[in-house]
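The structure appears below as structure tokens.
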Amino acid sequence: MSPMGKALSKTITYVIIAIVVIAVAGGLAYWYYSSQRPSGIKVGLFISNLGNPYFALLRDGAQAAVTELKNKGVNIEMVVYDAKDDPSLQSNQIETAVGQRFSALVVNPTDIQAIQPSLSKAKSAGIPVVTTDRDVADKTLRFVFIGTDNVKGAEQAANALIQALTASGKPTPWNVVILNGIPGTTAAIDRNKGFHNVLDPLVSQGKVVIVAEEVANFRRDEALSKMESILAAKKVDAVIAANDEMALGAIQAIKGAGLTPGKDIIVVGYDAIPDAIAAVKAGEMYATIAQSPFLQGYWGVLAAYYRVTQNWNPPADWIPTPTVVVTKTNADTFQQEVSTPKPLPGAP
Amino acid sequence: MSTPPAVKAVNLTKTFPGVVALNNIDFDVMYGEVHAVVGQNGAGKSTLVKVLNGIHPPDRGEIYVDGRQVRIRSPADAKRHGITLVHQEIMVYPNLTVAENIFVSRMSRGRTPGFVVSRRELDDYASKYLKMVGLDVDPSTKLRDLGVGEQQLVQIARALAEDAKVICLDEPTSALTPGEVERLFSVIRDLKSRWRAVVYITHYIDEVFRIADRVTVLRDGVKVATKRVSETSASEVVSLMLGRSLSEFYAYKPAAETAGHPLLVVKNLSTQPTRPSEVPLRNISFELMRGEVLGVLGLLGSGKTELAKSLIGMQRVVSGEVWVEGRRVEIRSPLDAARLGIFYLPENRRLEGIVPLMSVKDNILLPSIDLVARFVRKRVLEEAIAGDWVRRLNIKTPSLYTKVSNLSGGNQQKVVIAKALARRSRILIFDEPTMGIDIGAKVEIRRIIARLSEEGHSIILATSDVDEALTLSDKILVLYKGEVKGYLRRGEVSRDKVVKLMSGYGG
Amino acid sequence: MGLKGTSLSALVRKFLSLEESKPLVALVVLYLASAVISPYFLTVYNQKILLLQASPLVMLALGESMIIMMGSIDLSPGSTMALAGLIAALASNVYGFPVILSALIGVGVGALIGLVNGLAVTKAKIPSFVATLASMVAARGLVLLVTGGTSIYGLAGYEWLTDETAGLANMVWLFIAFTALTYFTLKKTTLGLKVYAIGGNEEAVRYSGLNADNVKIAVFTIAGSLYAIAGLMMNARLQAAYPWTGYGSELDAIAASVLGGIQLTGGVGSPVGSFIGAYILTLISNILILLGVNPYLQWVVKGFILGVAALTLTRGLRYVK
């Protein structure tokens, strides 16, 4: 071997030794740190996907509650876990937290079924669990669920649509297109139910005709193609979509057909994502529905705190968080509206 | 002989597209007898046992078991009549245990009592048969953890467990160590004493004389002779096997240029196998002049294919030198070889030589395409070049755009030759160029090789056909198990001497 | 009369001997059937959206078919188009590069993913199915990491692709040009010969003294660039870089290739076939919506049509190398 090569291999050896030493030392330090029992209240917040701004708001709300409690002199700390939409990762995170003797868990489940075994471990360890945004199938595994009433939100959306149609002065019957989300998901089922709760009576009165009801899987590109094809065959007055991505895809298709969204065809979405708010401000989308992830996080931490300190029992096992219809008039202000701490219903 | 033969075949004929693999073969084997079948590659030995075992149903002919005519159309038929085949690659389950391998066919037919078989029971049962073949292994071992020789013994144990009356062994020793061979032979002798009939296929002549009672020689799908081993000799069997025909069809001309500097020099070349089936080469040296034909003669496992591939960078060379036109060269890939004018014409045309679904023209031009056109292809020029080679080599094809898969074996081989020539190669390495093609095409290919050398091409002819090598070559390199057994000028050697060298005797 | 008859039948026979004839017949039959069952099908608007919807898929199918012809498979088209479209959108709308330059950067990203695929398959000797599965997952992960799952909205500057020239959107002209270019490359260049030869018998190519690895790397890279152009097309169509763009499209690209008569064993097929295959897929989705078929039933019908088509058009579904 050349001297150069020897020197190189020596360096590599040192680097490897250094990495091993650092890894072992770090591991030991982490183990020591994590085995320390919390002196105060330790809450774990398990988020399905922090990359999604919606859940980032949930985290912000939880953080606000922790800060508020700390200011009151409560010894509380919170650890945030991101499961990146991976149920097995989330299960591992929850199981680890159970082993570390957390006081309470606030869980935003990645899946309504898959994380249940890890929650049963929390239950048998006597650690109270709050679910937020999405519930788990076995309701005995948590003491309360804090989340949006999607049926109600969808009813608000449909009512907003009818309001806009009435105001537009379009002749009845109005031709309405419904775009549905991924079949089988709770959000898709509940929102579809809410739409029909409002629209079906009008259909029987002859005021509304549902000219097409398609599945676009919550996706913008699919909604674009489907809406394009619908427009080839049908005259459409309004579109109601189970999320904003699909509503935005529909808007793109309407523009492509040479029509004006908001004028020729009224579009209503759901979720109030930033793109949709921009479209509402531009007049292309009439309305969207804002949920309150901030409140979900905020209330989630408070509920956990009351449960741990005062064995609090919630008024119901589901505390619905408010939904807000966002139109041009409140497009700039709704964010504060849903991000302002509100008192937890039934709090002691 | 009052008892009828265990198995008797009459007028067996089996053809594959383009080849008559078995031509009116009569064959029989008695109980308590080992009947060896010998022949070169492609002589039809394996086809014969595959027909007897129902793997290839025969086109014509009758098979009798215990004197009664039977129909064998599938391996299951064969098994029902007590005929079984022990083969390295067929019907082994490496991920099952030894015991499960022994009983797998019975279990699937549900002949063992009860549906659920306990592992213990199975293992006890299996060890009885393992003892019969002298194999001392735990029956719950996974088969893949055993050596090749032990796996073979497990197969024989399975044959015994299935109560097989006729056991066919196809090249059983090709992957065994000498110790394992001894053990196999003692098991075969034991099978004889248990009154089983054994069909033993091999290309090692010495084994015939150690284990067999009778020997049948096949050549080109035809039975040449059946002899009692006690009444024949090794050299008689070998010369029956290799035949003595065809030499009259072409006249030898000495190489035009045997003086001067050699075109290719190989010094002390040694290689390491890259696959288990390959043979390591040890200290191979030779020289090749312009216009000369060097015959590299050897049987299967002699290393002749490995030598050919080492010259195009497809073997791992561990030591030795290669010189082309007085310059030392390193050949790491077929591309390096092609740039030096060296082209390999593979033994296995279908796997390595042609692209079956591509046209004759595209196949011919494949190696030289970058010389003919830079990026955009030139149809007219390509047609001219390919057409020229089709005419000069007399390739029989309906058009330049016919798919090569539609041509006969001989014409496919000519397409491979055309590939090499269109690349302007100076050194052509033929590996078994006439194997598996009909006699007429054989003669034609050999004539082409002779003509190419006359035109100044240097040729390395790797073959197991003694007559092919003797009639075409200026020099002969005889290989046996990766080593040079003889490096002889034409006329220095008799046919018998060469045959002996090939089988590992003398040297 | 008789002469005319024979020349006509000769013409028909010549047509049927073309590689593309069966998919073309299938497309024509579907076209006629659709025109009969839906009065909206043949409207100018519907034909225009058909072409628009087919554009990205055609680009994916062209790249995929080249790789399938080499006897490999590529699972990365959908993710590659998303990542390339996203990077182009970031370059133009966030970092303020000119749109042309941003588009080139996007295509470069696609080519880079293709290059990595090619190197993994040849140098690291990873089977193409596994290597491209890895890049499919990794590229999608990158997209989600960068965007956090939300779209880059209000994308401007890509309208050139949806603008019309001579009655058709520029992206339609673009995919027609690329189909022709791919056809030319495969049928009329030395690279094309090597692609077919590798698909037909890779060992023979190596023994012929050709560098099969370089060919594979080149083709994977070209395919990656084609996917990237599909990503730009989706940018223009959505006026947004949408993170779930092309999710699952790799299967559509493979299905389009199969429908186009390209055998999964490699060595056989025409890019025009994969173009037709992509068009057939788009057409089926379109006609089912025009007819207002129940959305769940649509999947069943689509699967059924795919199965029947694959059965009649190709025998290639049996093996994948």
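First the proteins, then the strands, lettered A, B, ... as listed; each starts at 1. All figures in this text were calculated on a predicted structure; none of them were measured in a lab.
Residue contact with chain C, scored on non-hydrogen atoms closer than 4.5 Å, involves the side chain of K255(A) exclusively. Proximity to chain C (any heavy atom under 4.5 Å) is shown, for I230(A), by both the backbone and the side chain. Contact of F55(A) with chain C is not made at all, since no heavy-atom distance falls under 4.5 Å. When heavy atoms are compared at a cutoff of 4.5 Å, A282(A) does not approach chain C at all.
Between W299(C) and Y296(C), the ring-plane angle classifies as perpendicular under the 30° and 60° cut-offs. Between Y31(C) and F41(C), the two ring planes are perpendicular [angle over 60°; tilted spans 30° to 60°].
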Please assess S88(A) against D86(A) for the test side chain to side chain donor-acceptor pair (under 3.5 Å), listing each intermediate value before the final yes or no. CA-CA 6 Å; S88(A) 64; D86(A) 178 354; 2.8 Å; yes
Where do Y45(C) and Y40(C) land on the ring-ring contact (aromatic ring centres under 6.0 Å, His included) test, with the steps shown first? CA-CA 9 Å; Y45(C) 169 78; Y40(C) 305 105; over 10 Å; no
List the steps, then state whether side-chain contact (heavy atoms from CB on, under 4.5 Å) holds for I178(A) with L199(A). CA-CA 10 Å; I178(A) 300 177; L199(A) 295 179; 4.1 Å; yes
Apply side chain to side chain donor-acceptor pair (under 3.5 Å) to the pair T321(A) and S292(A), showing each step before the final yes or no. CA-CA 6 Å; T321(A) 48; S292(A) 318; 5.0 Å; no
side-chain contact (heavy atoms from CB on, under 4.5 Å) between L161(A) and F195(A), intermediate numbers included: CA-CA 10 Å; L161(A) 187 81; F195(A) 295 157; over 6 Å; no
Would you check, one step at a time, whether the test side-chain contact (heavy atoms from CB on, under 4.5 Å) holds for F334(A) with V325(A)? CA-CA 9 Å; F334(A) 84 96; V325(A) 179; over 6 Å; no
Test log, rule side-chain contact (heavy atoms from CB on, under 4.5 Å), inputs R220(A) and D275(A): CA-CA 12 Å; R220(A) 194 184 288 203; D275(A) 288 6; 2.6 Å; yes
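The contact list for residues 235-250 of chain A toward chain C, using heavy atoms and a distance under 4.5 Å, reads E245(A), L248(A) by residue number. Among the residues in residues 245-253 of chain C, those with a non-hydrogen atom closer than 4.5 angstrom to a non-hydrogen atom of chain A are T245(C), G246(C), Y247(C).
Each of A56(A), P183(A), G256(A), P274(A) has some count of heavy-atom pairs under 4.5 Å with chain C, and the biggest count is that of P183(A). Counting heavy-atom pairs closer than 4.5 Å to chain C, the top residue among K234(A), R219(A), E214(A), E222(A) is R219(A). Most heavy-atom pairs under 4.5 Å with chain A, from the set L52(C), I289(C), L144(C), I152(C): that is I289(C). With chain A as partner, the option from R237(C), Q298(C), M234(C) having the largest number of non-hydrogen pairs under 4.5 angstrom is R237(C).
Side chains of D74(C) and S76(C): a donor on one and an acceptor on the other come within 3.5 Å.
What you find for S79(C) and R140(C) is that their closest heavy atoms are OG-CB, 3.7 Å.
With contacts defined as side-chain heavy-atom distances shorter than 4.5 Å, the pair W174(A)/I266(A) does not qualify.
Screening N192(A), N217(A), I189(A) for a side-chain contact (heavy atoms from CB on, under 4.5 Å) involving N180(A) leaves a single residue, N192(A).
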